[in-house]
4 protein chains.
Amino acid sequence: MNKKREVQSSVKDESLIEKRRAQMIRGAVTLFKQKGFHRTTTREIAKAAGFSIGTLYEYIRTKEDVLYLVCDSIYDEVHARLDSLDIEKGSLDVLVTALEHYYSLIDDMQDEFVVMYQESKSLPKDALQYVLNKELEMVALFERLLAECVDSGELKMTQKEIKLASHHLFVQGQMWAFRRWALRDFTIQEFIKTQTQFLLQGMAGEKISIQGA
Amino acid sequence: MNKKREVQSSVKDESLIEKRRAQMIRGAVTLFKQKGFHRTTTREIAKAAGFSIGTLYEYIRTKEDVLYLVCDSIYDEVHARLDSLDIEKGSLDVLVTALEHYYSLIDDMQDEFVVMYQESKSLPKDALQYVLNKELEMVALFERLLAECVDSGELKMTQKEIKLASHHLFVQGQMWAFRRWALRDFTIQEFIKTQTQFLLQGMAGEKISIQGA
Amino acid sequence: MNKKREVQSSVKDESLIEKRRAQMIRGAVTLFKQKGFHRTTTREIAKAAGFSIGTLYEYIRTKEDVLYLVCDSIYDEVHARLDSLDIEKGSLDVLVTALEHYYSLIDDMQDEFVVMYQESKSLPKDALQYVLNKELEMVALFERLLAECVDSGELKMTQKEIKLASHHLFVQGQMWAFRRWALRDFTIQEFIKTQTQFLLQGMAGEKISIQGA
Amino acid sequence: MNKKREVQSSVKDESLIEKRRAQMIRGAVTLFKQKGFHRTTTREIAKAAGFSIGTLYEYIRTKEDVLYLVCDSIYDEVHARLDSLDIEKGSLDVLVTALEHYYSLIDDMQDEFVVMYQESKSLPKDALQYVLNKELEMVALFERLLAECVDSGELKMTQKEIKLASHHLFVQGQMWAFRRWALRDFTIQEFIKTQTQFLLQGMAGEKISIQGA
DNA sequence: CATGAATGAGAATTCATTCAT
DNA sequence: GATGAATGAATTCTCATTCAT
C-alpha cells in the first residue's frame with residue numbers, strides 16, 4: 001500500500017495541527033500557482049497562512065513538507081469524491097460517471113492540480129513516490145472499470161489497449177487543468193460531454209484499418 | 001507572427017555563438033532533466049557545457065536565457081521535422097503521417113520536451129509567450145488538417161470538436177514524453193499505432209449516445 | 001520640503017532598527033573613509049557592525065542604503081546642532097556664531113563629512129537629490145543670515161554676492177574636512193578665527209577697485 | 001621633486017603611445033564624469049577610445065593607470081597654462097592674473113577637474129601621492145605670490161594666514177568646478193571678478209575685531 | 001600591433017532554518 | 001504555542017586581466 005508520509009510537527013494538539021496546516025495549504029496553493037514553488041518563500045507562505053515564520057516551522061520541518069501537504073490534501077479530496085465509485089462493478093455507465101466525477105473534481109480544484117503536476121518534481125524522493133503511487137491508483141481505477149467493461153462484453157480491448165486508454169483518460173483530466181487558457185470557450189459540461197463521447201467511440205466498435213500501420 | 005527573441009551575447013563571431021550555445025543547451029537539458037531548472041546552478045551549466053562561468057555569460061545575459069535557448073532549439077527542431085507537412089493538403093492519410101512524425105519527434109527529444117513543459121513557466125513573460133505561441137502553432141497544424149478532413153467529408157466534426165481534438169492530439173504527445181515511466185512496455189511504434197487507431201475511431205463514425213449527457 | 005527617504009527593513013522593532021543601523025553606520029563610516037564606498041564590501045560592513053551579512057540585509061535593502069543612512073545621519077546631527085540658529089534674526093554676531101557652530105560640527109564629524117562628500121555621487125538618484133537639498137538648506141541658512149545683515153545695514157552686498165558668499169562659507173567647511181592633511185598646524189579654533197575674520201573683512205567695507213576687472 | 005610615474009606599455013612607438021593614450025583619456029573622462037571610475041568598465045573605456053579591450057591593455061597595465069593618466073594630463077595642461085606665472089615676481093596684480101588664469105583653466109577643464117577630485121582617492125598610493133604633490137605645487141604658487149605681496153608691503157598677513165589663504169584660493173577653484181549646478185546664474189567672468197574682489201578685501205586692510213574670538 | 005574570447009575571483013543579495021524570548 | 005531576529009551557505013552575475021591568433 002501507499003503509506004502516508006508523516007510530516008513532523010513540534011506541536012502536539014492534533015486538531016490545531018490540522019487547522020494550521022489547512023491555512024498553510026490554502027495560502028501555499030495560491031502562491032505556488034502564481035510564482036511556482038521555488039519562487040515562493042517560506043515567509044510568504046507563513047504570511048499568506050496568517051501566522052509567523054516561526055509558527056510555520058512548528059508545523060513542518062522543511063519547505064518541501066508544505067508542497068507535500070498540498071499534494072496530499074489533493075488526494076484526500078480525490079478519495080473523498082471518488083471512493084463511492086471504488087466499490088461499483090464496472091460498466092460503461094459507471095465509467096461515464098467516473099469520468100464525470102473525475103473531470104468535475106479537476107475543474108473544482110484546478111489550481112491545486114496544476115500546482116501538483118507542475119511542482120511535484122520538487123518533492124523529496126519518498127514523497128514523490130507517494131504522489132506517483134496515488135496517481136497510479138487513479139489510473140488503476142480506470143483500468144479496472146475498463147477491464148470489467150471488456151469482461152462484460154461492453155468493450156473490446158486488449159490488455160495493453162486498456163492500459164493505454166486508462167492513462168489516456170487520466171491525462172485528459174490534466175489537460176482540462178493545464179490548457180484552460182486555450183479552451184476558454186468550453187464549459188466543463190461541454191468538455192466532459194465531448195471528451196466522453198470521443199473516448200467511448202475510440203474504444204468501442206470495430207477497428208478501422210489504417211494504411212501503413 | 002511569433003518573432004524570435006534575441007538573446008544578447010557579447011561575443012561577435014556568429015558561428016562561435018552557435019557552437020557554444022549548442023554545447024550549453026546540451027549540458028543544460030541534461031541537468032534540467034535531472035534536477036530541474038531551479039536546482040541547477042549556472043556554474044553547473046557552464047561546467048556541463050565545458051567552459052567557465054565567465055564564458056557562459058559571454059553568450060547569455062541571464063540564467064533564464066539558457067532555458068529560453070533550450071525551448072527555442074526544440075522548436076527549431078520541430079520545424080525542421082514537421083515543415084514538410086505544412087504544405088500538404090489535409091486528409092486522413094496526411095493526418096496519420098503528421099501524428100507519426102510528431103510522436104516520433106517527441107520520442108527522439110523526450111528529455112527536451114519534458115524539460116520544456118516542466119520549466120517553461122520559469123521563462124520571463126515575453127519568452128513564455130513566444131513558447132506558448134509555438135505550441136499553438138503546432139495545435140493549429142492539427143486543427144487545419146482536421147478541418148480539411150471535415151471539408152473533404154472524411155471526418156464529421158463541429159468546429160469546437162475540431163478544436164478540442166487538436167489539443168487532444170497535441171496532449172497525447174506530451175503524454176508519451178511524461179508518462180514513459182508508466183508505459184515502459186510500449187514501444188513508440190505500438191504507441192503511435194494504438195493512439196492513432198484510437199483517435200481516428202474517436203473522431204469518425206456516428207456518435208454514440210451517452211445517457212445523462 | 002525635503003522628505004526623508006524610507007529605508008525598508010524587514011525587522012519591525014523600531015528601536016532595534018535604530019540600534020542596528022547606528023552600529024552599521026559607525027562601521028561603514030570607518031570603512032568608507034579607509035577604502036571608499038566601492039572598495040568596501042557588504043560583508044565588511046556587516047562585520048564592522050558586529051553582525052552577520054544576513055542580519056545586515058534585515059535592516060537595509062541595498063548597499064546604497066547604507067551610504068544613504070550615513071548621509072542621513074549626518075544631517076540629523078547637523079540639524080540637532082544648528083537648529084537653535086534657525087530661529088535667530090541675522091546679525092554679524094549671529095553669523096559668526098553660526099560659522100563657529102558649523103565649523104566645529106564639521107571638525108567633530110570630519111570622517112562622516114569626507115565620506116559624504118566623496119561618495120554621495122554613488123547614491124541612487126532620489127537619495128542624491130535628498131542630500132543635495134540638505135546641502136542647499138545649509139547654504140540657505142547662511143544666505144538668510146547674510147541677507148538680514150544687509151537689511152540691517154551691517155553688510156553691503158548685492159543679491160548675487162550674497163549667494164556666492166553663502167556658498168563660499170559652506171565650502172570653507174568642506175575645506176576643513178578635506179584639507180586637514182595640509183592644515184595640520186592649525187587648530188580648529190585658529191581656523192575658525194582666521195576664516196571668520198577673513199570672510200567678514202571680505203564682505204564688509206568699501207570695495208577695493210581691481211585693475212582689469 | 002615630484003617624479004612622473006611611468007605607466008608601462010608593451011608598445012614601443014612613443015608617438016603611438018601618446019596618440020592612443022590621448023584617445024583613452026578623452027573617452028575615460030567622459031565616462032568617469034557620467035558614472036564614476038568604479039562604475040566604468042575597461043571595456044567601456046576601450047570602446048569610447050575607439051579600440052578594443054586588448055589594445056587598451058597594450059598601453060596600460062591596470063585600470064587605475066587610466067585614472068592616473070587622466071590626472072597626469074590635467075597637470076600637464078595646468079603647467080602649460082600657468083608656467084608663465086611661475087617666473088614673475090609676486091604683486092597684487094600678478095596674483096589677480098594668476099587667479100584669472102587658474103579659474104579660467106578650471107572653467108575650461110571642468111569635467112577633468114571634477115573627475116580628478118572625485119576619483120583620485122582610487123589611485124594607488126604612489127600615484128595619489130604624486131597628484132597630491134601636484135596640488136601642493138599649485139598651492140605653493142599662491143603661497144609664494146602672497147608672501148611676496150606681504151614682503152612688498154601690499155598685503156599684511158602672518159605666515160599662517162598666508163598658508164590658509166593660499167589653500168583658500170585653491171579651494172575656490174574647486175568650488176567653481178563642483179558647484180556649477182548651484183551657480184548657474186554666474187558667468188565665469190562674474191565669478192572671477194566677485195571672488196577676486198572678495199578675497200583681496202579679505203586679505204587687505206585692518207583686521208576687524210570679532211567679539212569672542 | 002590589434003583583436004576579442006576566455007577566465008575565475010569576487011561581490012551583492014536571498015532565503016530556509018533555528019532558537020531565545 | 002507563537003514570534004521574529006539572526007544566521008550563513010548558496011547563488012547569480014560582473015569585470016579586470018590575459019593570451020592565442
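Both backbone and side-chain heavy atoms feed into the values below; hydrogens, waters and symmetry mates do not. Below, read A as the first sequence line, B as the second, and so on, with proteins coming before strands; counting in each chain starts at 1. The structure presented is a predicted model; accordingly, all values stated were derived computationally and were not measured.
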Of the listed F:dA16, F:dT7, E:dT7, the closest approach to the B:Phe51 side chain comes from E:dT7
Check your understanding: Hey, does the side chain of B:Arg20 come within less than 4.0 Å of E:dA6's phosphate (OP1/OP2), counting only N and O?
Key -> yes
| said: Between C:Asp76 and C:Lys4 (salt bridge meaning N to carboxylate O under 4.0 Å), is one present in this structure? | reply: yes
### Message
Would D:Lys19 and D:Gln23 count as a side-chain contact (heavy atoms from CB on, under 4.5 Å) here? Give the steps.
### Response
CA-CA 6 Å; D:Lys19 180 181 153 198; D:Gln23 292 175 272; 4.3 Å; yes
Of the candidates F:dG4, E:dC1, F:dT18, the side chain of D:Asp13 sits closest to E:dC1
Partner of D:Asp65 under side chain to side chain contact (heavy atoms under 4.5 Å, CB included), picked from D:Leu56, D:Asp72, D:Val7, is D:Val7
B:Leu56 CG to E:dT7 P, in whole Å, measures 11 Å
B:Tyr68 ring center near B:Tyr130 ring center (under 6.0 Å): yes
Separation of E:dA5 atom C1' from B:Arg21 atom CZ, nearest Å, is 14 Å
From CD of C:Glu58 across to P of E:dT17 the rounded distance in Å is 16 Å
Separation of E:dA6 atom C1' from D:Ile53 atom CD1, nearest Å, is 13 Å
Testing E:dT13, E:dA6, E:dG10 for proximity to the side chain of C:Thr42, the answer is E:dT13
Assert: residue with more 5' nearest nucleotide on DNA chain E, out of A:Gly54 and D:Ser10, is D:Ser10
B:Tyr59 atom OH is separated from F:dT14 atom C1', nearest whole Å, by 17 Å
Answer for the Watson-Crick or wobble partner of E:dA20, both distances under 3.5 Å, is F:dT3
Among the nucleotides E:dA5, F:dT17, F:dA5, whichever has the atom closest to the side chain of D:Lys63 is F:dT17
note: B:Ile45, atom CD1; F:dT11, atom C1'; distance rounded to Å ~ 12 Å
May I ask you to verify if any side-chain N or O of C:Thr55 is less than 4.0 angstrom from the OP1 or OP2 atom of F:dT7?
-> yes
C:Arg43 CZ to E:dT13 P, in whole Å, measures 12 Å
- [ ] Salt-bridge test for A:Glu64 and A:Arg5: reply yes if a basic N is under 4.0 Å from a carboxylate O, no otherwise.
- [x] no
Quiz item: Think D:Arg39 has a side-chain N or O under 4.0 angstrom from the OP1 or OP2 of F:dT14?
Solution: no
Taken to the nearest whole Å, CD/C:Glu18 to P/F:dA5 is 15 Å
Is the phosphate of E:dT14 approached by C:Tyr57 (side-chain N or O, under 4.0 Å from OP1 or OP2)? no
- How is D:Ser52 classified with respect to the nucleic acid when contacts are heavy atoms under 4.0 Å: base, sugar-phosphate, or nothing? base
task: Answer with base, sugar-phosphate or nothing: what part of the nucleic acid does B:Thr40 contact at a heavy-atom distance below 4.0 Å?
output: sugar-phosphate
